[in-house]
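Below: the structure, in structure tokens.
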Protein chains: 2
Amino acid sequence: MAYTIKDVAKKAGVSIATVSRVLNNQPGFSEKTKKKVQHVIEELGYEPNAVARGLINNKTHTIGVLFPELSSMLVTDFLNGIETMAHELGSSVIVCHTEADGEKTMKYLQLLNEKRIDGIIFVSAILKEEYYNYIRKMGIPMVLLSTESYAYPVPYVKVNDQHAAYSATKYLLNKGHNKIGMISGSKDDLIAGKPRIMGFKMALKDSGIAFTEDNIIYSKGFGFQDGLDGMEKLMKQSPEISAIFAASDEIAFGALSFAYQHGIKIPDDVSIIGYDNLSIAEMAIPPLTTVGQPLIKMGKTAASMLFEMLESGNVFVENRILPHEILERETVREKR
Amino acid sequence: MAYTIKDVAKKAGVSIATVSRVLNNQPGFSEKTKKKVQHVIEELGYEPNAVARGLINNKTHTIGVLFPELSSMLVTDFLNGIETMAHELGSSVIVCHTEADGEKTMKYLQLLNEKRIDGIIFVSAILKEEYYNYIRKMGIPMVLLSTESYAYPVPYVKVNDQHAAYSATKYLLNKGHNKIGMISGSKDDLIAGKPRIMGFKMALKDSGIAFTEDNIIYSKGFGFQDGLDGMEKLMKQSPEISAIFAASDEIAFGALSFAYQHGIKIPDDVSIIGYDNLSIAEMAIPPLTTVGQPLIKMGKTAASMLFEMLESGNVFVENRILPHEILERETVREKR
DNA sequence: GTGAAAGCGCTAACAG
DNA sequence: CTGTTAGCGCTTTCAC
């Protein structure tokens, strides 16, 4: 067994209250006893028991992060940002992956509740009523990362998806393309699906270009396979297209792969712009032009917001819309 | 405040001991009181406080995982495996990223110690004496993932790097290549560097092919940039090479990119085989042939081993060498 | 300045 | 079968 506060007290010849005071830097001890106590702590290698502290303080200095899946490449950067900031602010993070499954999510929430974590970051998924109600009952702050809730007043940090999609499309337009296609996620996805589709359409409209349903592919998700399949359909359906907006970098990779397999030259035959700026975007062949989200920053911001709520005791803080950014690499070229 | 066991006891008209008993399914209550208690629990939405439990049981059902960096693409899969298995076995996982920094690592260890976690998984880094001693003092089990210790008796789960490198090189040899180069990590890295270099050399030797220092590039790390630079040097230094063994998939991506930028056709001009089988390996252009490590499985295995130690109370379990596997994709072709 | 003592929410003897 | 009680390691009144 590790040493306890009693051991320190005994060895230092003081009461445990005094040890506790110097430990927490509470007023009420002389410089001399402080020295003495600290010396014993050093000598014993005593380290306070955070579990006991958590019990009495009702604070565990631990937050929970819920990811729908751990395999998506977005999580690495998000987690990186969250963990960095949380640690800086003195907390640990417990990761959970819900597999976008309602039951599992509830199980995780229950677990986190039993562990009495201080707050929750909920990533890239729809905040269902069931989750919201449960978390509200837990009485701890929560922030949404890369998602938002229309139904509940929960602060979020996001990029403006519609605006970012608009920018991407506009970028293509400015390069002289006027037959532009999109490989999107699901249009039923109100967070990452629809807004990007809307931004795409709006940019087209603002440039006086007619929109055809033929120019857009609705995938189930945002993965590599979706891009592979989407590209195939799009090329078949609208061969006149000279540029494509892919709703995620993974989709763009799929499109790139399909193009490679079928002798379609990127960007000579068709230009592609992605969405996300995953770390592998610059490792693509050719390096992928994309609308970047500041992923690590987003993670850090989400964590900061959570701690702001924790400290202030407010149940709400301002939402943060972080700026997106076009990263010009080599998959888009001027239309001649 | 959430309800406590007292609230349940009072409302059910029993003692807290009885509630505790039905909660933990300890013998000593009638079917009738069980029903009554469970009903009250349900009604109140009571959930036991894991912090209090942790204090008394000396068990937090939480493990810590130390990654040198959260940005490497290996972590996603490792974490995925670890989290899945840990959760299955009723534990949560706290992630830490040490940035391969000694001081930070010690800070994290101290934090984890204060939190009284049940065990530690230490990933992809050298287990320094300082760490080992500290963890030993913590008195909790630890397992190494994708690393091993020559100095201390700590169980590990790994692939046999030398053997895997041998297989990769042999694969190239069997395809008829006899001028083979390698872009390796650091030869001072005793875990992932040297063994792969040794495997490479050994395969060459066993095939009666003379080894030249010109055919191998020693990088600092295993990243994209290392591959980019390594490829450039290797091509300059040994232009006669027809096949390359890259010591990681990220290095292979770098090599692929360099080749693309300089009009070197893969696999027509030179074949490349990677190492790891990251999820993005099949998304490469062309899809990357590689020696795969069973990353998720490795994560799961590490977690299982840890829990085995936890349950048995043994400080040691058998090491696990998981099998590697060649994934034939499109970056290697027969030499004519 | 310092110590005694109560209690955070729970488990585990010990009695009955 | 059930209740009482003594802690787990710590913080925090309240006295002195």
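It should be emphasised that the depicted structure is a prediction, and the values quoted were computed from it without experimental measurement. All chains are named by letter (A, B, ...) in the order of the sequence lines, taking the proteins before the strands, and each is independently numbered beginning at 1.
- Comment: A/Lys35 engages A/Glu31 in a salt bridge, judged by a side-chain N to carboxylate O separation of less than 4.0 angstrom.
- A/Tyr46 has its OH atom 10 Å from the P atom of D/dG9, to the nearest Å.
- The side chain of A/Gln26 places an N or O atom within less than 4.0 Å of a non-bridging phosphate oxygen (OP1 or OP2) of D/dT12.
- Remark: B/Arg53 is in phosphate contact with C/dT11, judged by side-chain N or O atoms under 4.0 Å from OP1 or OP2.
- For B/Ser91 (side chain) and B/Ile63 (main-chain N/O), no donor-acceptor pair under 3.5 Å exists by modelled atom type.
- A close approach under 4.0 Å does not occur between any side-chain nitrogen or oxygen of B/Asn57 and OP1 or OP2 of D/dC8.
- Within the 4.5 Å cutoff, side-chain heavy atoms of B/Val95 are placed close to those of A/Val93.
- When the P atom of D/dT2 is taken as reference, atom CG of B/Leu23 falls 15 Å away, rounded to whole Å.
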Please write out each protein N/O paired with an N/O of nucleotides 2-5 of chain C under 3.5 Å, distance rounded to 0.1 Å.
unit_1 : atom_1 : unit_2  : atom_2 : d
C/dT2  : OP2    : A/Ser30 : N      : 2.8
C/dT2  : OP2    : A/Thr33 : OG1    : 2.7
C/dG3  : OP2    : A/Ser15 : N      : 2.9
C/dG3  : OP2    : A/Ser15 : OG     : 3.2
C/dG3  : OP2    : A/Thr18 : OG1    : 2.7
C/dG3  : N7     : A/Arg21 : NH1    : 3.4
C/dG3  : O6     : A/Arg21 : NH2    : 2.3

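- An OP1 or OP2 oxygen of D/dC10 is reached within less than 4.0 angstrom by no side-chain nitrogen or oxygen of A/Tyr3.
- Protein atom NZ of B/Lys6 is 13 Å distant from nucleotide atom C1' of D/dT5, rounded to whole Å.
- Between D/dT11 and A/Ser20, a contact under 4.0 Å exists linking OP1 or OP2 to a side-chain N or O.
- Between B/Asp7 atom CG and C/dC8 atom C1' there is a gap of 13 Å when expressed in whole angstrom units.
- Side-chain proximity of A/Asn24 to C/dT11, D/dG9, D/dT11: nearest is D/dT11.
- Note: CD (A/Glu47) to C1' (D/dC10) measures 15 Å, nearest angstrom.
- Between B/Tyr108 and B/His97, a ring centre-to-centre spacing not shorter than 6.0 Å is recorded.
- Checked against the 6.0 Å centroid criterion, the rings of A/Tyr46 and A/Tyr3 do not qualify as a close aromatic pair.
- Going from atom NZ of A/Lys59 over to atom C1' of D/dC10 covers 16 Å, rounded to whole Å.
- Per the geometry, CD1 belonging to A/Ile56 stands 7 Å off P belonging to D/dT11, to the nearest Å.
- By the 4.0 Å N-to-carboxylate-O rule, B/Glu308 lies close enough to B/Arg320 to be salt-bridged with it.
- Residue B/Asn58 is out of contact with every strand shown, counting any heavy-atom pair closer than 4.0 Å.
- With rounding to whole Å, B/Ile5 atom CD1 is found 14 Å from D/dT4 atom P.
- Judged by distance alone, the side chain of A/Asp118 and the main-chain N or O of A/Thr60 form a donor-acceptor pair under 3.5 Å.
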